[in-house]
Protein chains: 2
Amino acid sequence: MIAEQGVQALAVEPLARRMGITKGSFYWHFSSREALLQRALNRWEEHDSRNLNNALGEISNPRDRLVSFFRRVGKEKLTHEVYSELCAAAGHAQVEPVLERVAQRRMTHLSAAFEELGLDPVAARYQARLTYSVYLGFLQLQRQNQTPSLSSEEFDAYIEHVINTLIPG
Amino acid sequence: MIAEQGVQALAVEPLARRMGITKGSFYWHFSSREALLQRALNRWEEHDSRNLNNALGEISNPRDRLVSFFRRVGKEKLTHEVYSELCAAAGHAQVEPVLERVAQRRMTHLSAAFEELGLDPVAARYQARLTYSVYLGFLQLQRQNQTPSLSSEEFDAYIEHVINTLIPG
DNA sequence: CCATTACCATACGCTGGAGTATGGTAAACG
DNA sequence: CGTTTACCATACTCCAGCGTATGGTAATGG
């Protein structure tokens with residue numbers, strides 16, 4: 001429901017309707033709507049954290065790791081949709097810390113890869129932030145239907161362009 | 001109110017309270033909350049459109065124009081805050097078309113500047129989208145308090161880095 | 001001078017979501 | 001075999017925002 005309509009759409013009564021149960025039942029499993037959201041957020045963050053290590057941790061060549069970071073945008077659709085909606089809900093007290101940790105983790109990964117490619121630590125940090133900004137901006141454009149379809153050759157060409165611009169070597 | 005708390009915070013009763021009037025009075029001036037939001041959106045879009053032409057249209061040197069685009073992120077705080085919140089409300093039926101037009105206008109400007117710098121039309125379009133993504137991603141990071149303060153020297157250094165990476169020549 | 005117009009307040013009804021109180025049922029268990 | 005436990009429904013209350021009905025007042029104009 002977060003992926004479809006955003007954080008605020010994760011509400012007790014709509015959820016219950018959708019599941020064919022009632023509120024009474026829901027409140028046996030969760031103490032409040034806040035608790036439900038917290039569980040959902042924790043679940044997603046864990047999944048995302050594992051994903052980061054599994055998918056990118058294995059690739060030893062730093063350039064391939066970075067390239068894979070961009071190519072991944074096209075896959076794992078659900079997770080990206082959730083993240084996109086979470087970004088839209090920045091400012092929400094429960095969402096904010098999640099976003100902070102996730103962005104931090106990911107940028108640290110990027111920064112390490114850029115350092116391995118020979119950039120000095122400061123430049124690597126800047127480049128990581130820049131790269132992550134591109135990713136965030138892409139998600140935003142996607143929410144506005146301003147990106148070519150993910151499976152078109154224009155999309156692939158654009159990704160090529162981004163890779164060539166941002167990844168040295 | 002949009003800049004402070006987002007589109008959904010622009011509500012009739014809170015607005016009336018804040019102005020020290022009542023709902024009854026509000027509904028004499030506006031037919032509905034929707035109408036108010038529409039007027040606010042139109043107003044902002046017009047202001048932004050004029051701004052684009054005034055600030056960037058005058059600069060003849062395309063590189064300076066691009067550099068000024070980035071430097072502007074630090075200024076015009078209110079407008080950027082509004083835009084940032086509008087982006088968060090993408091998916092909203094009234095907000096969506098505004099976002100689409102604004103992004104289109106701005107990217108067209110960027111694309112033209114890159115063409116003037118010698119890029120072929122396709123590369124210029126890609127580079128414009130990339131550049132605009134960086135801007136959107138920056139706004140997002142700002143919403144998450146993940147950027148250095150706008151008036152620090154680290155911020156200036158980062159902007160330098162971005163300019164050097166994205167603007168040819 | 002009376003009536004219309006512009007502007008604002010009071011007081012209502014409606015809706016949707018949060019949370020609670022209470023009772024029902026089926027399975028497991030002592 | 002009765003009772004506890006897990007799970008679910010019904011039926012409320014509470015609250016905040018949207019919109020409306022209606023009446024008051026001050027200024028303006030025929």
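A note on names: the letters A, B, ... follow the listed sequences, proteins ahead of strands, and every chain is numbered from 1.
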Between [atom2] on [N] and [atom1] on [X], what's the gap in Å once rounded to a whole number?
{"X": "A:W28", "N": "C:dG23", "atom1": "CH2", "atom2": "C1'", "answer": "16 Å"}
{"X": "A:Y27", "N": "D:dC12", "atom1": "OH", "atom2": "P", "answer": "18 Å"}
{"X": "A:M19", "N": "D:dA9", "atom1": "CE", "atom2": "P", "answer": "10 Å"}
{"X": "B:L36", "N": "D:dG17", "atom1": "CG", "atom2": "P", "answer": "15 Å"}
{"X": "B:F26", "N": "C:dA6", "atom1": "CZ", "atom2": "P", "answer": "19 Å"}
{"X": "A:Q8", "N": "D:dG17", "atom1": "CD", "atom2": "P", "answer": "14 Å"}
{"X": "B:F30", "N": "D:dC18", "atom1": "CZ", "atom2": "P", "answer": "13 Å"}

Kindly confirm or rule out a cation-pi arrangement of A:R106 over A:Y132, judged by NZ or CZ under 6.0 Å from the six-membered ring centre and within 45° of its axis?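 No, cation not above the ring by the 6.0 Å, 45° rule.
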Which is more 5' along DNA chain C, the nucleotide nearest A:E13 or the one nearest B:E13? Just name the residue.
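Whichever sits nearer the 5' end wins; that is B:E13.
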Contacts of A:R17 and A:S31 projected onto DNA chain C by closest heavy atom; the upstream (5') one is A:R17
Handout entry: Derivation of the side chain to side chain contact (heavy atoms under 4.5 Å, CB included) call for B:N42 and B:Q38
Key = CA-CA 6 Å; B:N42 291 343; B:Q38 197 57 56; 3.3 Å; yes
*asked:* For a quick test of reading the model: is some side-chain N or O of A:H29 closer than 4.0 Å to OP1 or OP2 of D:dA6?
replied: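 No, no such contact exists.
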| message | Please find the pair of heavy atoms, one from A:L10 and one from A:L37, that lie closest to each other, and give the distance. | response |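 Closest approach of A:L10 to A:L37: CD2-CD1, 3.9 Å.
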(request) Please find out if less than 6.0 Å separates the ring center of B:Y135 from that of B:H80. (result) yes
(Q) Tell me whether the side-chain N or O atoms of A:K23 pair up with the base of C:dA18 as donor and acceptor below 3.5 Å, since no angle test is needed here. (A)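 Donor-acceptor pair under 3.5 Å: yes.
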Considering only heavy side-chain atoms of A:S32, the closest of D:dG17, C:dG19, D:dC8 is C:dG19
| field | Candidate nucleotides D:dG19, C:dA18, D:dC8, ranked by approach to the side chain of A:R33 - the nearest | value |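 Side chain of A:R33 sits closest to C:dA18.
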